[in-house]
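Basis for what follows: all heavy atoms, side chains included, without hydrogens, waters or symmetry-related copies. Quick note on labels: first sequence line is chain A, next is B, and so on, each numbered from 1.
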2 protein chains.
Amino acid sequence: MPEPQPTAFASRPSLARRGADPKQERSARTRLRVLVGAAELFTERGFRQTSVKDVADRVEMTKGAVYFHYPTKEALAVAIVEEHYARWPKLLGDVTDERLGPMDTVARMLERAAEAFQDDVIVQAGARLQIERPHIDAELPTPYVDWIALLESLLTSALEAGELRPDVTPDKAARALVSAFFGSQHVSDVLSRRADVVSRWQELGTLLFRAIRAE
Amino acid sequence: MPEPQPTAFASRPSLARRGADPKQERSARTRLRVLVGAAELFTERGFRQTSVKDVADRVEMTKGAVYFHYPTKEALAVAIVEEHYARWPKLLGDVTDERLGPMDTVARMLERAAEAFQDDVIVQAGARLQIERPHIDAELPTPYVDWIALLESLLTSALEAGELRPDVTPDKAARALVSAFFGSQHVSDVLSRRADVVSRWQELGTLLFRAIRAE
């Protein structure tokens with residue numbers, strides 16, 4: 001299969017990949033600790049109901065120490081959303097390494113993403129912050145468009161490989177998958193705090209793949 | 001087909017159905033005017049970014065007159081969400097009158113709901129307020145569960161009528177449809193302010209019905 005277009009997910013910095021200098025590493029670890037504490041609180045309570053003081057208490061640091069790394073609560077939100085998006089190029093790399101066909105790559109990407117929405121607090125907090133974006137006074141990346149572009153690229157490969165039903169077009173199928181995936185994890189969030197994202201997505205994804213994949 | 005279970009949509013009061021007394025009618029019209037003005041603002045800006053003063057200005061009334069009908073901004077939000085939910089039993093009645101088979105009833109309900117999400121500001125505002133529910137200090141009904149119950153009931157009739165694929169179960173298909181519908185209208189909201197809910201749902205719904213309906 002053709003390589004997925006590298007432009008589909010804009011490359012974004014990930015904390016995990018920062019410098020090797022011991023002092024820098026310690027600083028990166030502290031930043032990550034703050035970020036995870038903030039992500040837990042944003043996921044549990046939302047952006048507005050969380051203060052920087054709450055974050056400091058959660059990670060057992062002073063407010064000043066938190067402010068040293070993130071000057072505002074908005075900066076914390078932006079960093080979490082960026083970290084959320086940094087997950088996907090990494091996931092794409094992992095799944096590409098499995099050398100599946102294009103349709104199986106799409107299915108695997110979404111399956112792994114469902115696992116991340118169920119288990120990874122950075123991913124959960126990023127999704128909640130995106131939902132709350134009208135309440136956050138900061139520029140956040142436009143959601144959904146990178147995922148739609150990535151899946152459209154993979155589904156175009158699937159079309160070329162004869163893996164799509166003849167009446168399915170990559171752009172429409174990509175939008176359908178992303179919309180359905182988003183809805184699935186959101187309804188799971190509201191009704192069961194994302195405890196069942198994986199099984200809920202499996203139910204919905206199975207139906208969609210049946211309708212998209214060539215028989 | 002069996003009648004849809006009347007419990008699926010809890011009966012909720014609708015302003016349109018209030019008393020026949022001229023004074024009561026005038027009061028109901030005024031309440032509706034306030035509600036539509038508030039719904040426009042909540043849809044455009046969200047709950048937090050809208051004040052009761054903004055609502056009063058929008059409908060060209062005094063703040064006192066708005067407060068006379070709705071004592072708090074939260075009361076406005078609750079009334080809009082109730083009015084949103086009052087749409088669905090009415091829609092179910094209309095669609096039931098078309099006397100379609102159960103699967104076609106499901107499809108028609110969702111098609112008509114997509115039209116409402118695209119064109120009806122009360123429906124749009126209700127959906128946005130449900131998304132913003134963690135920011136609203138009032139009890140709102142749990143979203144999704146009534147729709148899931150209604151579709152499960154209709155899909156059970158479809159199963160009995162032999163209209164479902166043998167491996168499809170009504171509960172899973174109902175959750176899948178509701179999750180996908182919600183995702184579709186939400187992604188449309190974020191990317192194009194709901195201008196294309198109907199066509200986006202048509203794309204996604206077509207795929208799902210292909211996977212659910214017996215061949």
Can you give the donor-acceptor pairs under 3.5 Å from side chains of residues 136-145 of chain B to other protein atoms, not counting sequence neighbours?
| from | atom 1 | to | atom 2 | distance (Å) |
| --- | --- | --- | --- | --- |
| B:Tyr144 | OH | A:His186 | NE2 | 3.1 |

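Along residues 204-212 of chain B, the residues that come nearer than 4.5 angstrom to chain A, judged on non-hydrogen atoms, are B:Leu204, B:Leu207, B:Leu208, B:Arg210, B:Ala211, B:Ile212 in order of number. Of all residues spanning residues 111-133 of chain A, those with a heavy atom less than 4.5 Å away from chain B's heavy atoms are A:Arg128, A:Ile131, A:Glu132, arranged by number. When the heavy atoms of residues 189-202 of chain A are compared with those of chain B, the residues falling under 4.5 Å are A:Val190, A:Leu191, A:Arg200, listed by number.
In this structure, the separation between OG on A:Ser184 and CZ on B:Phe182 is 11.5 Å, given to the nearest 0.5 Å.
Annotation: maximal heavy-atom pairing with chain A below 4.5 Å, among B:Val168, B:Val178, B:Asp167, occurs at B:Asp167. For the set B:Glu203, B:His135, B:Lys172, the entry with the most heavy-atom pairs within less than 4.5 Å of chain A is B:His135.
Within the 4.5 angstrom heavy-atom criterion, atoms from both the backbone and the side chain of B:Arg48 approach chain A. In this structure, no portion of B:Leu177 lies under 4.5 Å from any heavy atom of chain A. Heavy atoms closer than 4.5 Å to chain A are found nowhere in B:Gln185, neither backbone nor side chain.
For B:Glu98, the CD atom counts as densely surrounded, since its 6.0 Å shell holds more than 12 non-hydrogen atoms of other residues, nucleotides or ligands.
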